[in-house]
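Not measured: the values here are computed from a predicted model.
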Amino acid sequence: MTIAVTGAAGQLGQIVVSKLRSKFPSDQILALVRDPSKASSLGVAARAFDYTKPEDLLPALEGVQTLLLISSSEIGQRALQHENVINAAKQAGVGRIVYTSVLNAPGSQLSLAEEHRVSEGLLMASGLTYTILRNGWYTENYLRSLESALEHGAIIGSVGDGKIASATREDFAEAAAVVLVEQGHDNAIYELAGDRAWTQAGLAAEVSRQTGKTVVYNDLPEAEYAKVLEGMHLPPSIAASVASWDAAAAKGALFSEDKTLSKLIGRPTTALEQAVREALKAI
């Protein structure tokens with residue numbers, strides 16, 4: 001059996017491939033990437049694979065039985081790109097697609113959830129066997145700004161007291177690898193979230209505790225937060241989206257008490273304390 005991973009050179013994809021190699025023969029793992037030269041360090045064969053070029057997808061999927069479709073990073077283009085992959089997989093005779101969606105997709109208030117809802121619908125209507133992994137937010141999303149937070153003594157956002165049940169990329173990658181190689185996940189939909197939810201104020205307190213420096217959480221109105229992000233050189237449309245995700249999180253969009261993720265990986269999800277500790281080492 002050949003397992004293929006799309007976006008294998010990306011942040012999540014690289015970890016998935018690494019996890020797969022510990023569970024499955026490397027010569028039966030295939031990295032699908034836009035530029036195969038960027039996959040040379042993965043230790044598996046690579047083929048060119050571009051979601052936007054449907055004419056090239058079919059030959060790249062030749063001989064693939066199980067496909068991990070890591071969702072496209074191109075917001076606004078995702079549904080069409082995913083449809084291209086699903087159609088090619090169907091023509092190529094792929095047996096099952098595992099798709100990375102978003103937490104609580106059917107009712108999520110996140111603006112990006114609609115593309116995931118459409119993609120899930122396309123997959124379920126395709127006739128292919130599927131497994132849908134509704135991933136929560138990556139803890140790393142909130143740790144990229146730690147250096148700035150330490151410099152200015154503050155973490156900013158628009159989450160309010162909203163709880164975030166995040167997990168690390170490694171946690172989600174481990175779950176994907178498990179589902180790819182194990183039996184019993186056909187036509188399953190999993191809500192995947194961290195075991196222990198936290199707030200931005202809690203994150204600030206943890207950073208303060210580990211560094212000995214005072215860091216607070218400053219909650220801003222959504223529009224004001226978007227303007228601040230623009231000042232950090234984010235394009236206005238992206239800044240508005242990021243701020244809107246925070247506003248949705250304030251209403252519970254990134255919270256779940258589901259413990260399926262830790263059950264799949266056979267261990268507790270990575271605690272915020274550990275994730276902060278690792279992030280601080282990189283500064």
Checklist entry - In terms of hydrophobic clustering (I, L, V, M, F, W, Y; side-chain heavy atoms under 4.5 Å; direct or indirect links), are Leu68 and Leu261 co-clustered? => result yes
Next on the checklist: Distance alone, cut at 3.5 Å: any donor-acceptor contact between the side chains of Ser256 and Glu191?
Outcome noted: no
Checklist entry - Side-chain contact, heavy-atom cut-off 4.5 Å: Leu180 with Val16? => result yes
Checklist entry - Below 4.5 Å, heavy atoms only, C-beta onward: do Thr131 and Tyr190 meet side chain to side chain? => result yes
Item to check | Cluster check Leu229, Ile75: I/L/V/M/F/W/Y, side chain < 4.5 angstrom | outcome: yes
Checklist entry - Which atom pair, heavy atoms only, marks the closest approach of Thr52 to Pro54? => result O-CD, 3.3 Å
Checklist entry - Testing Val215, Leu143, Leu272, Val216 for side chain to side chain contact (heavy atoms under 4.5 Å, CB included) with Val207, which one passes? => result Val215
Checklist entry - With a 4.5 Å limit on heavy-atom distance, are the side chains of Leu30 and Arg47 in contact? => result yes
Next on the checklist: Let's go through Asp246 and Glu222 carefully: what are the C-alpha distance in whole Å and the side-chain angles of both, what is the deciding distance for side-chain contact (heavy atoms from CB on, under 4.5 Å) to 0.1 Å, and is it a yes or a no?
Outcome noted: CA-CA 8 Å; Asp246 260 27; Glu222 180 182 344; over 6 Å; no
Checklist entry - Given the rule in the salt bridge (charged side-chain N to carboxylate O under 4.0 Å, His left out) test, do Arg34 and Glu74 qualify, once you have shown the distances and angles that lead to the verdict? => result CA-CA 14 Å; Arg34 286 187 176 182; Glu74 296 181 40; 2.4 Å; yes
Checklist entry - Please walk me through it: do Asp35 and Ser37 pass side-chain hydrogen bond (donor to acceptor under 3.5 Å, both in side chains)? => result CA-CA 5 Å; Asp35 181 357; Ser37 68; 2.7 Å; yes
Item to check | Heavy-atom pair with the smallest gap, counting every atom of Arg96 and Asp186 | outcome: CD-OD1, 3.6 Å
Checklist entry - Under 3.5 Å, side chain of Gln14 to main-chain N/O of Ala9, donor-acceptor pair present? => result yes
Item to check | Any donor-acceptor N/O pair, Tyr217 side chain to Val159 backbone, under 3.5 Å | outcome: yes
Item to check | Any side-chain heavy-atom pair of Val102 and Leu110 under 4.5 Å | outcome: yes
Checklist entry - Looking at Glu273 and Arg196, does any basic side-chain N land under 4.0 Å from a carboxylate oxygen? => result yes
Next on the checklist: Looking at Glu147, I want to see if its CD is surrounded by more than 12 non-hydrogen atoms of other residues, nucleotides or ligands under 6.0 Å.
Outcome noted: no
Checklist entry - Is it true that atom NZ of Lys19 has more than 12 heavy atoms of other residues, nucleotides or ligands lying nearer than 6.0 Å? => result yes
Checklist entry - Would you find more than 12 non-hydrogen atoms of other residues, nucleotides or ligands less than 6.0 Å from Asn141 atom CG? => result yes
Checklist entry - Among the clusters formed by ILVMFWY side chains lying less than 4.5 Å apart, do Val44 and Met1 turn up in the same one? => result yes
Item to check | Distance-minimising heavy-atom pair for Thr269 and Ala193 | outcome: CG2-O, 4.1 Å
Checklist entry - Which class fits the ring pair Tyr99 and His116: parallel under 30°, tilted 30 to 60°, perpendicular over 60°? => result tilted
Checklist entry - Do side-chain atoms of Asp171 reach the backbone of Thr168 as a donor and acceptor pair under 3.5 angstrom? => result yes
Checklist entry - Can the ring centres of Trp198 and Phe255 be said to be less than 6.0 Å apart? => result no
Item to check | Heavy-atom donor-acceptor pair, Ser244 side chain to Ser241 backbone, under 3.5 Å | outcome: yes
Next on the checklist: Working to the nearest 0.5 angstrom, can you tell me the gap between Thr139 OG1 and Gln274 CD?
Outcome noted: 10.5 Å
Checklist entry - Does the Asn135 side chain pair with the main chain of Ser101, one donor and one acceptor, at a distance under 3.5 Å? => result no
Checklist entry - Would a 4.5 Å heavy-atom cut-off, applied to side chains only, mark Ile155 and Asn218 as touching? => result no
Checklist entry - Roughly how far, to the nearest 0.5 Å, is OG of Ser18 from CG of Leu42? => result 9.0 Å
Checklist entry - If you measure from the Lys or Arg side-chain nitrogens to the Asp or Glu carboxylate oxygens, is any gap between Glu224 and Lys227 under 4.0 Å? => result no
Item to check | Any donor-acceptor pair under 3.5 Å from Tyr51 side chain to Gln77 backbone | outcome: no
Checklist entry - Looking only at heavy atoms, which two atoms of Ser158 and Leu220 are closest? And how far apart? => result OG-O, 2.8 Å
Checklist entry - Roughly how far, to the nearest 0.5 Å, is OG of Ser126 from NZ of Lys90? => result 6.0 Å
Item to check | Verdict with supporting geometry, Phe172 and Trp137, ring pair (Phe, Tyr, Trp, His ring centres under 6.0 Å) | outcome: CA-CA 10 Å; Phe172 289 118; Trp137 235 231; over 10 Å; no
Checklist entry - Atom CG of Asn84 and atom CG of Asp50: how far apart are they, to the nearest 0.5 Å? => result 9.5 Å
Item to check | Residues, nucleotides or ligands: over 12 heavy atoms within 6.0 Å of Glu62 CD | outcome: no
Checklist entry - Would a 4.5 Å heavy-atom cut-off, applied to side chains only, mark Phe49 and Val33 as touching? => result no
Item to check | Residues Arg117, Glu114: salt bridge by 4.0 Å N-O rule | outcome: yes
Next on the checklist: Rounded at 0.5 Å granularity, tell me how far CG in Leu69 sits from CD in Gln81.
Outcome noted: 10.0 Å
Checklist entry - Taking the side chain from Gln65 and the backbone from Thr2, do they hold a donor-acceptor pair closer than 3.5 Å? => result yes
Item to check | Donor-acceptor pair, side chain of His82 and main chain of Ser72, under 3.5 angstrom | outcome: yes
Checklist outcome for this item: Taking every heavy atom of Gly136 against every heavy atom of Leu103, the minimum-distance pair comes out as CA-CB, 3.8 Å
Checklist entry - Do any N or O atoms from the side chain of Glu83 and from the backbone of Leu122 form a donor-acceptor pair under 3.5 angstrom? => result no
Next on the checklist: Looking at Glu174 and Lys23, is any side-chain nitrogen of the basic one under 4.0 Å from a carboxylate oxygen of the acidic one?
Outcome noted: yes
Next on the checklist: Tell me if the NZ atom of Lys259 is crowded by more than 12 foreign heavy atoms within 6.0 Å.
Outcome noted: yes
Next on the checklist: I want to check something: taking the side chain as every heavy atom from C-beta on, are Leu150 and Ile283 in contact at a cut-off of under 4.5 Å?
Outcome noted: yes
Checklist entry - In terms of hydrophobic clustering (I, L, V, M, F, W, Y; side-chain heavy atoms under 4.5 Å; direct or indirect links), are Leu123 and Leu32 co-clustered? => result yes
Checklist entry - Is it the case that one hydrophobic cluster holds both Leu67 and Met124, taking links as side-chain heavy atoms less than 4.5 Å apart, direct or via other members? => result yes
Item to check | More than 12 heavy atoms of other groups within 6.0 Å of Glu257 CD | outcome: no
Next on the checklist: Working note: Gln210 + Glu206, criterion side-chain hydrogen bond (donor to acceptor under 3.5 Å, both in side chains); need CA distance, chi angles, decisive distance, verdict.
Outcome noted: CA-CA 6 Å; Gln210 291 197 30; Glu206 182 59 30; 2.7 Å; yes
Checklist outcome for this item: Shortest non-hydrogen pair, Thr129 vs Gly95, comes out as CB-O, 3.4 Å
Checklist entry - Is it the case that more than 12 heavy atoms not belonging to Gln11 sit under 6.0 Å from its CD atom? => result no
Checklist entry - Counting N and O atoms only, with roles assigned by atom type, does the side chain of Lys163 sit under 3.5 Å from a partner on the main chain of Gly252, one being a donor and the other an acceptor? => result no
Checklist entry - Does any non-hydrogen side-chain atom of Val98 lie less than 4.5 Å from one of Tyr130? => result no
Checklist entry - When rounded to the nearest 0.5 angstrom, what is the spacing between CD in Glu140 and CD in Glu170? => result 9.0 Å
Item to check | Candidate pair Thr199 and Asp161, rule side-chain hydrogen bond (donor to acceptor under 3.5 Å, both in side chains), full reasoning | outcome: CA-CA 6 Å; Thr199 64; Asp161 295 325; 5.9 Å; no
